[in-house]
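Chain naming here is simple, since letters A, B, ... match the order of the sequence lines and numbering starts at 1 in each. Just so it is clear, the model here is predicted, and its values are computed rather than measured.
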There are 2 protein chains.
Amino acid sequence: MPKALAKTRIRVLLGSAFAIGPGKADLLQAIEQTGSISAAARSMDMSYRRAWLLIDTMNQCFRQPVVDTATGGKGGGGAQITPFGRLVLRRYRLIEAQAAAAIAHDIKLFTRELLRSR
Amino acid sequence: MPKALAKTRIRVLLGSAFAIGPGKADLLQAIEQTGSISAAARSMDMSYRRAWLLIDTMNQCFRQPVVDTATGGKGGGGAQITPFGRLVLRRYRLIEAQAAAAIAHDIKLFTRELLRSR
DNA sequence: AGGCGTTATATTCTGTTAAATATAACGACC
DNA sequence: GGTCGTTATATTTAACAGAATATAACGCCT
């Protein structure tokens, strides 16, 4: 059984859609590393369809696309994170880190003093 | 259509179970105000079963029960938040507020500059 | 004793979400 | 022109979550 663990999730919403959150950020990074949606999905043990849907949502929520795709061609096509996407990712990660740092101490106390030990 | 909105959710996990999060915290407050699980559930437009399940999870995750219940008796019974539950709630709200304050500025920039307007 | 509103719990139904499967289109490369 | 792996999308199937329903137990109160 894993140790008691505190996680902060920051999700940015646009209307009712989740523009970005932990999962989408990870997916962006996987695309950056693999160069395709399908390879990124495989590496995250996620269905291609699900990955494609997440990217589609992001591309619709942000002012500019975060991922560029190419169908056909060398290797059958591929996908790349855009410079704008890199910016989105960087700033999201920054916000995540700020929140985590701000509560780190109190979270530690909370889990130590209040949660049942496992 | 609602305006672009950023929400930070802090959920504290124990093992794989969510010990506490925004919904459970609200439920605790509703019980504090109403004095019963069923009235709290009604006030939140939630099924009694669901509310009971959430409370049960909390009571199992924390070192002490956060809610005391009584079956039968005056009014059929009822439920009260324990002093320990009040402590849990207060400290959870504090953590929530700290995280929100830490990222408020950057979240504002993020939504203004990066998100598509609605 | 019987009624009442609640807690506590099991079971069934239902709707939504995710997975699985299938298929078309694409364009470089051989 | 055929092959390849990918994007893009539809359709079907399965899994899960939540709602709905049902019921027992409880203890005060009239």
OP1 or OP2 of dG18(D) sitting under 4.0 Å from any side-chain N/O of S47(B)?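 For dG18(D), neither OP1 nor OP2 has a side-chain N or O of S47(B) closer than 4.0 Å.
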Spacing between [X] atom [atom1] and [N] atom [atom2], to the nearest angstrom:
| X | N | atom1 | atom2 | value |
| --- | --- | --- | --- | --- |
| R50(B) | dT21(D) | CZ | P | 18 Å |
| I55(A) | dT6(D) | CD1 | P | 14 Å |
| D45(B) | dG18(D) | CG | P | 15 Å |

So, using side chain to side chain contact (heavy atoms under 4.5 Å, CB included) as the criterion, who are the partners of L87(B) when residues are at least two apart?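 Applying side chain to side chain contact (heavy atoms under 4.5 Å, CB included) to L87(B) gives L114(A), R90(B), R91(B).
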Sorted by first residue and then second, give each salt bridge (Lys or Arg N to Asp or Glu O under 4.0 Å) pair with at least one member in [range]; sequence neighbours left out.
| range | result |
| --- | --- |
| residues 92-106 of chain B | D26(B)-R93(B), R93(B)-E96(B) |
| residues 52-66 of chain B | none |
| residues 78-89 of chain B | E32(B)-R86(B) |
| residues 67-81 of chain A | none |

Within the 4.5 Å heavy-atom criterion, are F62(B) and R116(A) side-chain neighbours or not?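 No. Closest side-chain heavy atoms not under 4.5 Å.
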Please map the stems of DNA chain C, keeping only stretches of three or more Watson-Crick or G-U wobble pairs with both distances under 3.5 angstrom.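 Stem list for DNA chain C: C:1-30 with D:1-30.
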I want to confirm an ordering. Mapping M46(B) and T71(B) to their closest nucleotides on DNA chain D, which one lands closer to the 5' end?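 Checking each residue's closest nucleotide, the 5'-ward one belongs to M46(B).
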Among residues two or more places apart or on two chains, list those pairs meeting side-chain hydrogen bond (donor to acceptor under 3.5 Å, both in side chains) that have a residue in residues 36-48 of chain A.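 Of all non-adjacent pairs touching residues 36-48 of chain A, those that pass side-chain hydrogen bond (donor to acceptor under 3.5 Å, both in side chains) are S36(A)-S38(A).
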Scan residues 63-70 of chain A against DNA chain D and write down, sorted by residue number, each residue with any heavy atom closer than 4.0 Å; if none is found, say none.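 Those residues are T69(A), A70(A).
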Could you check which residues of residues 30-37 of chain A get a heavy atom under 4.0 Å from DNA chain D? Sort them by number, please.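 When residues 30-37 of chain A is checked for heavy atoms under 4.0 Å from DNA chain D, the hits, listed by number, are S36(A), I37(A).
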Terminal contacting nucleotides, 5' and 3', DNA chain C versus chain A (heavy atom, 4.0 Å):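 Reading along DNA chain C, I get dA19(C) to dA28(C).
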